[in-house]
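The structure under discussion appears below in the form of structure tokens.
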Amino acid sequence: MALEDLQHNFLTGRIEDLVRWARRASVWPATFGLACCAIEMMAAGGADFDLARYGMEVFRNSPRQADLMIVAGRVSQKMAPVLRQVYDQMMEPKWVISMGVCASTGGLFNNYAIVQGVDQIVPVDVYAPGCPPSPETLMHAILTLHEQIRTGEILKRRSSGEPTHLDHQESPWTPEVPVAVRLGTPK
Amino acid sequence: MSDPTVRAAERLEPLVVETSEGAQGLQRREATPAGELSREVGSVLRVDGHAFDPSSIDYERRDDETMIINMGPSHPSTHGVLRIMLELDGEFVLRAKPVIGYLHTGMEKTGEELSYVQGATNVTRMDYLSPVTNELSYSLAVESLLGIEVPERATWIRMMMSELNRISSHLVWMATNGMDLGSTSMMIYGFRERELILAFFEKTAGLRLNLNYVRPGGVAADLPDGWEDDVTVICDTIDERTYEYDQLLTGQPIFRERMVGVAPITAEEALALSVTGPLLRSTGVPWDLRRTMPYLAYDQVDFDVIVGTYGDNFDRYAIRLNEMRESIRIIRQCIEMMPRGDYRSQDPKVTPPPRARIGESMEALIHHFKLFTEGFHVPQGEVYSAIESPRGEIGCYLVSDGGPKPYRIHVRAPSFVNLQAVPLLMRGGSMSDAITVISTVDPIMGEVDR
Amino acid sequence: MIELPANAPAGVITADVLKSDIGCFPTREQYFGLVSALKADGFELCADVCGVDYLEYAERSLPEGVLPTRFEVVVNLLSMSRRQRVRIRVQAGTESPAVDSLFTLYPGSEAMEREAFDMFGIIFNGHPDLTRILMPEDWEGHPLRKDYGAGRVPVQFKEAPGPR
């Protein structure tokens, strides 16, 4: 079959854009509920907020099937090694949302028991503020992450310490949320 | 000796195993007194205070069919970060040991650094499904040390809010319990109805969870305009929906198979383990602090204390479902009988001056500033105030040295104590029943670890 | 003021500590005997066991005859039949605090005593499994003691200009 037979009903684009687009729409979060924020995370998956609109409702119980870890709640010194292990068990590419001030900075609990910010243990992509963040805030964080995935590099290089998801040289990332899918749009 | 098709708890002969230290065995459940049983099931996985070492299992045992597995702390059905070490005989649980502390937040230490005004912010994050009861027990403790009277309207507002909170907490329980048993619809329904109550909380207190609404001296804000209509809609809707849940779950064969007669506990065992709340009432003990040691205005409203008979999972489910209906009864009476007046004490010691006066009076400004920077001083003394949370008796033990911060604040968390019943309830049941046990005990890990 | 049961150890000091609460102030030796007498007298439920560290508040008001020590164990018992609470405050010692465990009387005190051990280092003699419950096994120190710092980390603002 020659190309002429297709009658032009196809689009062309870069494979990189296609991969990003597909990844963006199929993020599966791991169930990693810790504290109050976990209740709001469940509420976000419930009927009123309906996280399924973004293809996010499939909370995987096994970290090996998940590619997003929503750290929902305060991380204690005793939990920190467990959290790191769950993170290590997840397959690349993987992302982390730090949900709530306790996970982001320790929040109200600046004391001996709580890790002052989960970014000391795992690299965090998006921080959601609030105590606890309402489901709308979590959804905004998730959409922000989607946007980062869509505009980021395919291969993340976390070791360099650079915020690799931002494409600094070519097109500065703008937080336009929600976004339309632009398949194959030249930069 | 052991026939694997017979459940371990049903074997006639005691399970005796030859070990390097002689024969060691498990008595049958009826032959073991409650105290000894809990010692056996509660602490067996540790020897001499050292953590259990898996490499020290004696693999050479003839009859060794047992296996020790670790469940949690990141497990979908442990309701947070509970970790349980299970010793299994085939599929049946011989022993279980909860390992907690994965959410230890040091709240009691933080509470010593916060003033009494700020304290409610701290305690409300303990039991995140029923924040109002946490704040209430704390506020009652502070108020009884201060010796101040709370206006009647504040009392009734507190009562109505804590009953709304009880419903929302039980709704989450119904939802997660349904999810644990595979009924995903119940999960959706429970969270759907809960949003009604949370929307009202947001309207009243400004937050969905962790309200910081009940404070020493009253409540943070008056009820919003038109609250009667909002609350009536909530009552009508949820009252109707409880019958839907009834239809969905109560008669459903799979649900009954997994709930009826599973994991029973007797009243003696429950009392020995200091268990309170629906778990205690399911054994037939009519102990509800709202009725037996009334606080707020619970002696002026009409409601029933729901008790069970067999102490099994199904009783615990039925109690929670019916408690929601009783709470609705209480709330309807609150709407009718809500008095007019102040929503917080006018004692200038604890209550800041009204916003309008701060602009015109220097004294009011200074007073406001002092109250929110230093806080108020509480007379020396110590007090224990206990109320009924959705999970049992929540108590706040407060020691004051006369300063603006508590010298010691200790919270008697119902989930923490109730969790001790888990090994006993799991014993002899199958692995899938263990899930329902965790679910029906309803531990909130934030409160367990504090 | 309640009458202590007849078989309670002699010489236990009682006092009204607040309006509705009744306090007993036994010594360490009287403690176990008092609790078992109270249990036989109808206090079915051990509601709460907790420790208090009075390092910075040694001058607290206690009834006559009670020798204050640094650590105190506070036990709240509840009688369902009489609808009454009683609070027992034991002076547990200053250097190496230790009291008898209530485990044989109230198995439900197991976790609460472990918590008091974990947080304050109070030894409960006869407890079946006195190990850390909330903190990790290898943790050093007992966090709720008054001489144990809160572990506050200074808040950093990474983007703030200038040396800090």
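Source: prediction; values computed, not measured. Below, chain A is the first sequence line, B the second, and so on; all start at residue 1.
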Check: How far does OG of A:S134 sit from CG of B:L198, to the nearest 0.5 angstrom?
Finding: 11.0 Å
Next item on the list: Supply the atom-to-atom distance A:R74 CZ to B:M107 CE, rounded to the nearest 0.5 angstrom.
Entry: 3.5 Å
Notebook entry, point to check: Would a line drawn from the ring center of B:H104 to the ring center of A:Y112 be shorter than 6.0 Å?
Noted result: yes
Margin query: Once rounded to the nearest 0.5 Å, what's the spacing between atom CD1 of B:I444 and atom CD1 of A:I39?
Written below: 6.0 Å
Next item on the list: Take atom CZ of A:R84 as the centre, draw a 6.0 Å sphere, and report whether it contains more than 12 heavy atoms from other residues, nucleotides or ligands.
Entry: yes
Check: Among A:P132, A:C36, A:P135, whose side-chain contact (heavy atoms from CB on, under 4.5 Å) with B:R208 holds?
Finding: A:P135
Check: Which bit of A:C131 is near chain B, if near means a heavy-atom gap under 4.5 Å: side chain, backbone, both or neither?
Finding: both
Check: With a 4.5 Å limit on heavy-atom distance, are the side chains of B:D449 and A:K78 in contact?
Finding: no
Next item on the list: First locate atom OG1 of B:T110, then atom CG of A:L108, and finally report the distance between them rounded to the nearest 0.5 Å.
Entry: 6.5 Å
Next item on the list: Against chain A, work out which of B:L129, B:L103, B:L114, B:T176 has the most heavy-atom pairs shorter than 4.5 Å and name it.
Entry: B:L103
Item checked: Option that, when pairs with chain B are counted at under 4.5 Å, heavy atom only, ranks first among A:A80, A:A113, A:G33, A:G46 -> A:A113
Check: Around A:Q120, counting heavy atoms of other residues, nucleotides and ligands shown, do more than 12 lie under 6.0 Å from its CD?
Finding: yes
Next item on the list: Below 4.5 Å from any heavy atom of chain A, which atoms of B:L82 appear? Answer side chain, backbone, both or neither.
Entry: neither
Check: When rounded to the nearest 0.5 angstrom, what is the spacing between CG in A:L83 and OH in B:Y102?
Finding: 13.0 Å
Item checked: A:D48 (side chain) donor-acceptor with B:E195 (main chain) under 3.5 angstrom -> no
Item checked: chain A contact via B:Y128 - side chain, backbone, both or neither, heavy atoms under 4.5 Å -> side chain
Next item on the list: Please look at A:F59 and chain B and tell me whether the side chain, the backbone, both or neither of the residue comes under 4.5 angstrom of a heavy atom of that chain.
Entry: neither
Next item on the list: Go through the atoms of A:A38 and report whether side chain, backbone, both or neither lie under 4.5 Å from a heavy atom of chain B.
Entry: neither
Item checked: Engaged part of B:R125 at the chain A interface, taking heavy atoms whose separation is under 4.5 Å -> both
Item checked: Donor-acceptor contact present, side-chain A:S76 to main-chain B:T105, <3.5 Å -> no
